[in-house]
Every structure is written in structure tokens, then in C-alpha cells.
Visitor: 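Before anything else, here's the structure in question.
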Amino acid sequence: MDKGSKIYVAGHRGLVGGAILRRLRAEGYENLVLRTRQELDLTDQRAVYRFFEEERPEYVFLAAAKVGGILANATYPADFIRENLLIQTNVIDAAYRYGVKKLLFLGSSCIYPKLAPQPMKEEYLLTGPLEPTNEAYAVAKIAGIKMVQAYRRQYGFRAISLMPTNLYGPGDNFDLETSHVIPALIRKFHEAKEAGQKEVVVWGTGTPRREFLHVDDLADAAVFLMRHYEEEEIINVGVGEDISVRELASLIARVVGFEGEIVYDPTKPDGTPRKLLDVSRLFAMGWRPKVSLEEGLRQTYAWFRNNWVGARGLGKA
Ligand code: GFB
């Protein structure tokens with residue numbers, strides 16, 4: 001991939017695609033192909049084939065997907081499996097048919113078994129039952145991994161799959177019903193502080209452990225692996241450390257400046273008890289994340305105040 005290569009970032013308005021786009025632009029890649037959802041519906045196979053036939057991109061970052069937090073996944077499993085299967089099948093197949101040189105597919109750490117040994121190595125894929133709250137999403141992502149591997153084996157198509165851990169950062173979804181835990185807690189603590197509320201409710205028991213990667217670090221790893229990784233085996237992308245939801249809540253409360261009480265609602269699902277990736281294969285290639293969790297949370301809170309609060313009329317930041 002060189003500076004003049006024609007690169008399609010699918011999903012460039014999302015958290016991940018947006019970060020990959022920023023990263024590519026910062027490095028001087030200028031021949032970028034982009035389409036909004038209104039311009040190109042990736043679930044529409046004919047439209048996707050037409051687009052690839054006309055544009056003929058050389059490299060594809062497949063960051064378009066239907067994503068959401070634990071409650072959205074548990075409530076809308078049909079939407080998650082359908083949209084993800086359609087998007088990835090259309091894009092991977094069209095990329096192969098229209099001569100793309102290399103494609104990067106993004107999976108998720110939820111593809112591993114619910115009770116996999118920790119930290120989770122790439123080889124644990126399909127060794128046990130999945131976490132029920134996100135099974136539909138995980139099955140779609142596993143299908144994407146297997147499709148990419150099958151196209152490589154049968155057609156020699158150069159495609160790779162990255163498994164990122166839980167992501168966060170600027171451009172995230174802050175809707176309280178459908179978001180992931182970090183944006184949800186940033187918003188809850190911010191609004192409680194503004195309104196002078198004494199307590200904030202956090203879902204579940206607070207005991208689950210999660211690993212969090214700043215999306216700019218993921219984008220850095222994605223560009224790095226697009227350049228240097230050529231294997232069929234999936235590769236984990238994370239920081240190699242996790243924290244409990246309870247610890248995370250205290251940290252976000254401190255970053256936001258909320259001084260009230262944090263209470264837990266055990267009627268909401270905890271999800272998988274622990275989800276820590278083994279990142280030794282990636283680290284052995286010399287890659288390391290750069291953004292610490294506290295720094296990333298401060299920066300994401302600043303983004304929320306500057307971009308989200310004003311835009312949605314949620315009161316002064
Ligand atoms: O971020 P989250 O929705 O993702 O939830 P998962 C992580 C943990 O935070 C769970 C707790 O134990 C939640 O119960 N939590 C506490 C909250 N308060 C909140 C809150 O206000 N909102 C949310 N969302 N969580 C998703 C999968 O699972 O992870 C997806 O459903 C995807 O498939 C994504 O893989 C990375 O890690 O539980």
C-alpha cells in the first residue's frame with residue numbers, strides 16, 4: 001500500500017472507520033474512496049457490485065458493521081446477524097471479484113467462547129459456547145472470518161482478519177440504550193453532575209472485567225497490519241490489560257468530576273465475566289498501543305462535551 005493507492009474505507013462515518021480515515025489522511029494517503037450509507041447501501045448486493053466495478057479500489061478496510069452494546073445486542077439479534085452477514089458477504093465477495101489487492105476485515109473479541117481461558121489466544125476460536133447476549137453478532141463475525149479464510153484458500157485472495165477488544169473514543173455512540181459501557185457512563189456521570197444528582201446507576205454487578213482500546217490505537221494497528229500482516233490466522237488487537245466495570249466506573253466518575261454515589265442494577269445483564277485478549281502475536285511484531293485508558297477517557301469526554309452535548313441539545317457542557 002503506497003501513498004497513491006486507491007483505498008476504500010467502508011464505514012468511514014463510524015467509530016472505527018472514522019479513526020482509520022483520520023489515520024490514513026494524517027499519513028498522507030489521499031486517494032481515498034468513501035460512500036455514506038445514503039450513497040451506498042452495503043446490504044444491497046447489486047449496488048455493492050456496481051460500486052466496486054466503477055471504482056475498482058485496490059485496498060479495502062471493512063469497518064462497516066452494525067454494532068452496539070450489551071443491551072442492543074440482546075434486544076435486536078435478528079438485525080445484528082442479518083445486517084452484518086449481508087454487509088460483509090457483499091463487500092468481501094465484491095472485493096475479490098473486482099480485483100482488490102488486499103482486504104482487512106474487523107471482527108470482535110466476542111467471537112471467543114464465553115468461558116474461554118484468559119487471556120484469550122487466537123486459537124480458542126470455536127472451542128466452546130458463545131456468550132448468549134451477543135451470540136448473533138458473534139456468529140456473523142465468525143462467518144466473516146471463515147469467509148475471508150476460505151477466499152484466501154480457494155482463490156488466493158489476500159485478506160486478513162483483526163480481532164479488536166472493546167473499543168472507545170471520539171465519534172462513539174452515546175445513546176444510553178444502545179451504546180457500550182464507556183460512552184454510556186461518560187454521559188450518565190456528566191448529566192448527573194450537571195443536574196446535581198446524588199447517584200448514578202451502572203448496569204449489572206460491576207464485577208465483569210473488560211479490556212479497552214482507544215480507537216486511534218486500533219486504527220494505528222489496522223494500518224500497520226494492512227502493511228505487514230499476511231497470514232490466514234486471525235490476529236488479536238488489544239492492550240493486554242483489563243479492569244472491572246466497578247473500577248472503570250470510578251475512573252470515569254473522576255474524569256468527569258462526578259462526586260456522588262455509584263449504585264449497581266443487577267437486573268441488567270453482566271454479559272461475559274471476562275474478556276481479555278492475548279496480544280502476544282501482535283506485540284511480537286513490535287506494535288504497542290500509545291493511549292493510556294485515563295488519557296483516552298479524558299479525550300473522549302472532551303469530544304463528548306464539544307460535539308455531542310451541544311449538537312443534541314443536552315444542555316451546556
Ligand atoms: O460495553 P458493553 O455493552 O459490552 O458492556 P460487552 C460491558 C459491561 O459494562 C457489561 C456493563 O457488564 C455491562 O453490564 N455496564 C454497566 C454497561 N453500565 C452500563 C451501561 O450503562 N451501558 C452498557 N452498555 N453497559 C459487547 C457486545 O458486549 O461488546 C458486542 O454486546 C461487542 O457484541 C462489544 O462485542 C465489544 O463487552 O458486554
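In what follows, every heavy atom counts, from backbone to side chain, and hydrogens, waters and symmetry copies are set aside. Counting starts at 1 for both ligands and their atoms, in listed order.
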Visitor: With a 3.5 Å cut-off and no angle check, do the side chains of His180 and Tyr168 form a donor-acceptor pair?
Guide: no
Visitor: Please determine if Pro269 has a nitrogen or oxygen closer than 3.5 Å to a nitrogen or oxygen of ligand 1.
Guide: yes
Visitor: Just let me know how Asn73 lines up against ligand 1, side chain, backbone, both or neither, with a heavy-atom cut-off below 4.0 Å.
Guide: side chain
Visitor: Please classify the Ala249 to ligand 1 contact at 4.0 Å (heavy-atom distances, strictly less than): side chain, backbone, both or neither.
Guide: neither
Visitor: Tell me: protein heavy atom nearest atom 15 (N) of ligand 1, and distance?
Guide: Val181 CG2, 3.5 Å
Visitor: Among all the protein's non-hydrogen atoms, which is closest to atom 21 (O) of ligand 1, and how far away is it?
Guide: Lys188 NZ, 2.8 Å
Visitor: For Lys275, take its heavy atoms, then give the atoms of ligand 1 lying under 4.0 Å from any of them.
Guide: 6 (P), 28 (O), 29 (O), 35 (O), 37 (O)
Visitor: Considering non-hydrogen atoms of the protein only, which is the closest contact for atom 18 (N) of ligand 1, and what is the distance?
Guide: Trp203 N, 3.0 Å
Visitor: Looking at non-hydrogen atoms alone, which of Pro273, Ala184, Ser179 comes nearest to atom 24 (N) of ligand 1?
Guide: Ser179
Visitor: Using only heavy-atom distances, determine whether the side chains of Asp79 and Tyr137 contain a donor-acceptor pair under 3.5 Å.
Guide: no
Visitor: Which residue owns the protein heavy atom closest to atom 33 (O) of ligand 1, what's the atom, and how far is it?
Guide: Tyr137 CD2, 3.1 Å
Visitor: Taking side chain to side chain donor-acceptor pair (under 3.5 Å) as the criterion, tell me which of Gln45, Arg46, Glu53 meets it with Tyr49.
Guide: Gln45
Visitor: Which protein non-hydrogen atom lies closest to atom 8 (C) of ligand 1, naming both residue and atom, and how far is it?
Guide: Val245 CG2, 3.8 Å
Visitor: Can you report which non-hydrogen protein atom sits closest to atom 27 (C) of ligand 1, along with the distance?
Guide: Asn134 ND2, 3.2 Å
Visitor: Among side-chain atoms of Trp308 and Asp172, is any donor-acceptor pair under 3.5 angstrom?
Guide: no
Visitor: Angle between ring planes, Tyr155 versus Tyr151, binned at 30° and 60°: parallel, tilted or perpendicular?
Guide: perpendicular
Visitor: Among Lys141, Arg210, His180, which one has a heavy atom closest to atom 6 (P) of ligand 1?
Guide: Arg210
Visitor: Looking only at heavy atoms, is any part of Ser109 under 4.0 Å from ligand 1, and if so is it the side chain, the backbone, or both, or is it neither?
Guide: neither
Visitor: Among all the protein's non-hydrogen atoms, which is closest to atom 12 (O) of ligand 1, and how far away is it?
Guide: Asp270 O, 2.6 Å
Visitor: Any salt bridge linking Lys275 with Glu131? Criterion: basic side-chain nitrogen under 4.0 Å from a carboxylate oxygen.
Guide: no
Visitor: Provide the number and element of each atom of ligand 1 under 4.0 Å from a heavy atom of Cys110.
Guide: 33 (O), 35 (O)
Visitor: For atom 36 (C) of ligand 1, what's the nearest protein heavy-atom neighbour? Residue, atom name and distance, please.
Guide: Asn166 OD1, 3.4 Å
Visitor: Examine Ile70 against ligand 1 and note whether any of their N/O atoms are separated by less than 3.5 Å.
Guide: yes
Visitor: Looking at CD1 of Ile252 and CG of Leu248, how far apart are the two atoms once the value is rounded to the nearest 0.5 Å?
Guide: 4.0 Å
Visitor: Which atoms of ligand 1 are found less than 4.0 Å from any heavy atom of Pro208?
Guide: 12 (O)
Visitor: Among Ser108, Gly206, Pro266, Ala140, which one puts a heavy atom closest to atom 35 (O) of ligand 1?
Guide: Ser108
Visitor: Atoms of ligand 1 less than 4.0 Å from Gly69 heavy atoms?
Guide: 3 (O), 31 (O)
Visitor: Does CD in Glu30 sit with more than 12 non-hydrogen atoms of other residues, nucleotides or ligands closer than 6.0 Å?
Guide: no
Visitor: Check whether the side chains of Glu295 and His214 place a donor and an acceptor atom closer than 3.5 Å, and report yes or no.
Guide: no
Visitor: Report the C-alpha separation of Met163 and Met120 in whole Å, then their side-chain angles, then the decisive distance to 0.1 Å, and conclude whether the side chain to side chain contact (heavy atoms under 4.5 Å, CB included) test is met.
Guide: CA-CA 11 Å; Met163 298 307 119; Met120 300 184 291; over 6 Å; no
Visitor: Could you check whether Tyr229 and Arg281, counting side-chain N and O atoms only, form a donor-acceptor pair closer than 3.5 Å?
Guide: yes
Visitor: Determine the interplanar angle of the Phe174 and Trp303 rings, folded into 0 to 90°, and report it as parallel if under 30°, tilted if 30 to 60°, perpendicular if over 60°.
Guide: parallel
